[in-house]
Amino acid sequence: MNLNEQQKKAVEHTKGPLMILAGAGSGKTRVITERIAHLIQTGIAPNEILALTFTNKAANEMKERVADRLGSTPAYNRPIHAKNTPYVTTFHSLGVALLREYAHHIGIKKHFTIFDRADSIRVIKRVLKQLSLDPKQFEPRVVLGKISRQKANGVSHGDYSIDISDTYRHTINRIWEHYESELKKESALDFDDLLLKTSILLRNNPDVQKHLHQRWAHIHIDEYQDTNLVQFEITKLLVGKEANICVVGDIDQVVYSWRGANIGNLLTFEEEFPGTTLIKLEQNYRSTKKILDAANVIIEKNVRRKEKKLFTENADGEDIALYSAYSEDDEARFVVSQCAELIQNGVKPKDIAVLYRANYQSRVLEQHFLDSQIPYQVLGVRFFERAEVKDILSYIRASLNPDAQGDIARIVSTPPRGIGKMTLSKMLLHKENELTPAAQKKVVDFKTLLARIQKTALAARPSETIQFVVKESGLEKKLLAGGEEDHERLENIKELATLAKKYDEMPPEAGIEKLLEDASLATDQDSLQKNTNSVTLMTVHAAKGLEFDYVFIVGLEEGLFPHESMDENTDDEEERRLFYVALTRARVRVSLSHAVIRTIFGSQSIQVISSFIEDIGLDAMDILGEHKPPHERGVDLIDF
């Protein structure tokens, strides 16, 4: 197996709770893969093994590695009951599978609709209108964030406690109440419900819990530091008496507290599961010594952590590079010129990443990459968010779930079929009898179309269903008659049909459900095009779990990185962990940059250099350009 001593211990531990503290680049995915293979070799049935992670990308990578190790074909869309293969999935996908399997236990429909964030915000806006509330005072994204935070902590609306004198909190409670009512009306669950409802299902149904204990005797959880309170509860409910649970995590990479990740889950694991074996993976196989020296200096200042120190047998490598830019424009010009030089010297664009703290920083970078004609991709531009792709998926969702009012409203006039707002309103209220005969016929024709789509979706391959929808809905005819942009939209729909082919191996109903599920749960990393040879631009959060030869970290200024957050739930050590994550994405070299003057929301301001740069120390860096403020270089501030 060619494992180091600590990795071997983790692989060969087969009984009782195990916590693996795995530093960045320490080979944790390989350890989990080898551990699963070892369990199977000792006689554990493959289907008795459950492995959970957080992104589709990570789950698919693990499936590929496990299949390769066992000499089998990767089961990308393995049904929950499949034999002879471990069940590797994400927490949210597991929730979907269990809620569909046991829907009758919790009073929901099997073909419930999964709301993505855009769907939830749409409903929040509708609720604000119903309650005559000002969306500026109750910003929909903020309201949804507060509801999401409660659900992540395992709190449903009925458990939400409020002080009647707290007007704002009381209003949030009213919005939440109406929001839940709208979800129920559409037979929908939002992103957070997939976990919250799963925990309620397990907690309130001991027979279901017992059945799952028998189904999965060995449970693995990757990126355990990212779990929130409700995921922790699901974990405890899934683990049987034998407590054969293995969690892998790194307390130094807890960077999602703003969305509910609870650092305490890792800190208290040994208390929750007595008799836990603790193994530390500290040898890094990814980065150079100088990169790790900088990372260790940064993270050692944090207090709330379990002690570990990364080391490597790799070469010393190059010094951390630092560029002091005049402005964000100068900074972008520097990054692009450095990328051009690397590419000219034989580095592949796909081995280069540019990381930033806030999404808006990508704009000026993109402009300079465009001007230089260097190929690049920006993570976060998701395929499933394209309007035409959402239209096709809405047709399918509406056919399977007649209560999906949002989907019906979206597609009823896409393409136009003579059903206006008044007719739609009557249709959604089931008052078609109040319509004129002509309008009634249009509604009947539309419902007949949905019935035909449902019949196809439940009997045909998912790729065939996509082809059926685009033709029968009239979208293909409309787009073909349009201009270049419409033709491009049609190409995107064809790409959706191609993508759907990977679900064709499943039974039709399960396949189309899995396609809809994956579309709703897609993350930024799912937009990463693996076969595209281009420089990757993304936030540091999106980069977690990825690695590149050359990494540029831009915007290292106080207030930007470390970011000055107004969120009361932010852990003050989290920005340092986030910078640690950014540094440890690099194999060969890290380049840091900051701007002396930056324009934010139209206003220019003089920036203070990030304390992170001071922590590493200028003596340990390769200074590119003069490290001086603009006025000492003869630059007039009014030019910026």
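Just so you know, these numbers use all the heavy atoms, side chains as well, and skip hydrogens, waters and symmetry mates.
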> So, for Phe561 and Tyr356, is the gap between ring centers shorter than 6.0 Å?
Replying inline: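 Phe561 vs Tyr356: aromatic centres not under 6.0 Å.
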Quick check against the 3.5 Å criterion: does [X] have a side-chain atom that pairs as donor or acceptor with the backbone of [Y]?
| X | Y | result |
| --- | --- | --- |
| Arg577 | Val254 | yes |
| Gln150 | Lys146 | no |
| Asn244 | Pro17 | no |
| Asp116 | Ala118 | yes |
| Thr312 | Asn284 | yes |
| Asn302 | Arg304 | no |
| Ser199 | Glu233 | no |
| Asn345 | Glu341 | yes |
| Gln231 | Ala152 | no |
| Lys280 | Glu307 | yes |

Do the side-chain N and O atoms of [X] and [Y] include a donor-acceptor pair separated by under 3.5 angstrom?
| X | Y | value |
| --- | --- | --- |
| Glu64 | Asn60 | no |
| Tyr323 | Asp330 | yes |
| His594 | Ser324 | yes |
| Gln225 | Glu223 | yes |
| Thr14 | Glu12 | no |
| Glu558 | Ser611 | yes |
| Thr288 | Asn314 | no |
| Gln377 | Thr532 | no |
| Gln253 | Tyr580 | no |
| Ser593 | Glu331 | yes |

Looking at [Y] and [X], is there a salt bridge between them, counting it only when a charged N and a carboxylate O are closer than 4.0 Å?
| X | Y | result |
| --- | --- | --- |
| Arg576 | Asp615 | yes |
| Asp190 | Arg117 | no |
| Arg598 | Glu557 | yes |
| Arg305 | Glu300 | no |
| Asp293 | Lys289 | no |
| Lys308 | Asp250 | yes |
| Glu575 | Arg357 | yes |

> Going through the checks in order, is the salt bridge (Lys or Arg N to Asp or Glu O under 4.0 Å) test met by Lys236 and Glu272?
Replying inline: CA-CA 9 Å; Lys236 287 200 297 181; Glu272 295 290 342; 3.8 Å; yes
>> List the residues meeting ring pair (Phe, Tyr, Trp, His ring centres under 6.0 Å) with Phe91, not counting sequence neighbours, and say none if there are none.
In response: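 For Phe91 the ring pair (Phe, Tyr, Trp, His ring centres under 6.0 Å) partners, ignoring immediate neighbours, are Phe54.
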Which pair of non-hydrogen atoms, one from [X] and one from [Y], has the smallest distance, and what is that distance?
| X | Y | value |
| --- | --- | --- |
| Asn56 | Asp518 | ND2-O, 4.4 Å |
| Val535 | Val354 | CG1-CG2, 4.1 Å |
| Asn2 | Arg30 | O-NH1, 3.2 Å |
| Val88 | Ala59 | CG1-O, 3.7 Å |
| Ala595 | Gln607 | O-CB, 3.4 Å |
| Asn265 | Asn228 | ND2-O, 3.2 Å |

Atom pair [atom1]/[atom2] of [X] and [Y] - distance to nearest 0.5 Å:
| X | Y | atom1 | atom2 | value |
| --- | --- | --- | --- | --- |
| Ile597 | Asp329 | CD1 | CG | 12.5 Å |
| Leu546 | Met538 | CG | CE | 5.0 Å |
| Ile251 | Ile263 | CD1 | CD1 | 4.0 Å |
| Lys9 | Leu281 | NZ | CG | 11.0 Å |
| Glu282 | Leu292 | CD | CG | 12.0 Å |
| Phe612 | Lys301 | CZ | NZ | 10.0 Å |

>> Going by salt bridge (charged side-chain N to carboxylate O under 4.0 Å, His left out), Asp549 matches just one of Lys348, Arg587, Arg585, Arg286. Which one?
In response: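 By the salt bridge (charged side-chain N to carboxylate O under 4.0 Å, His left out) criterion, Asp549 pairs with just one of Lys348, Arg587, Arg585, Arg286: Arg587.
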>> Working note: Lys290 + Asp316, criterion salt bridge (Lys or Arg N to Asp or Glu O under 4.0 Å); need CA distance, chi angles, decisive distance, verdict.
In response: CA-CA 6 Å; Lys290 288 188 176 179; Asp316 285 353; 5.9 Å; no
> Does the pair Thr29 and Val31 meet the rule for a side-chain contact (heavy atoms from CB on, under 4.5 Å), with working shown?
Replying inline: CA-CA 5 Å; Thr29 305; Val31 168; over 6 Å; no
>> Angle between ring planes, Tyr224 versus Phe232, binned at 30° and 60°: parallel, tilted or perpendicular?
In response: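 If you compare the ring of Tyr224 with that of Phe232, the planes turn out perpendicular.
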> Should the ring pair Tyr87 and Trp216 be called parallel, tilted or perpendicular, given that the plane angle runs from 0 to 90° and is split at 30 and 60?
Replying inline: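 Parallel.
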> Where do Ser148 and Asp192 land on the side-chain hydrogen bond (donor to acceptor under 3.5 Å, both in side chains) test, with the steps shown first?
Replying inline: CA-CA 6 Å; Ser148 179; Asp192 302 294; 2.9 Å; yes
>> Walk me through whether Val248 and Ile32 qualify under side-chain contact (heavy atoms from CB on, under 4.5 Å).
In response: CA-CA 8 Å; Val248 185; Ile32 298 173; 3.8 Å; yes
>> side-chain contact (heavy atoms from CB on, under 4.5 Å) for Leu195 and His92? Distances and angles first, verdict last.
In response: CA-CA 6 Å; Leu195 299 178; His92 286 88; 3.5 Å; yes
> For Leu322, which of Ile613, Asp622, Leu624 qualifies under side chain to side chain contact (heavy atoms under 4.5 Å, CB included)?
Replying inline: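 Between Leu322 and the candidates, side chain to side chain contact (heavy atoms under 4.5 Å, CB included) is satisfied uniquely by Ile613.
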>> Before you tell me yes or no, could you show the steps for Ser257 and Glu574 under side-chain hydrogen bond (donor to acceptor under 3.5 Å, both in side chains), namely the whole-Å CA-CA distance, both residues' side-chain angles and the distance that decides it to 0.1 Å?
In response: CA-CA 8 Å; Ser257 67; Glu574 184 154 326; 2.4 Å; yes
>> Under the criterion side-chain contact (heavy atoms from CB on, under 4.5 Å), I'd like the reasoning laid out for Glu573 against Val303: C-alpha separation, chi angles, the key distance, then a yes or no.
In response: CA-CA 8 Å; Glu573 293 189 339; Val303 175; 3.5 Å; yes
> Got more than 12 heavy atoms from elsewhere within 6.0 Å of CD, Gln344?
Replying inline: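 Not buried by this count: 12 neighbours or fewer within 6.0 Å.
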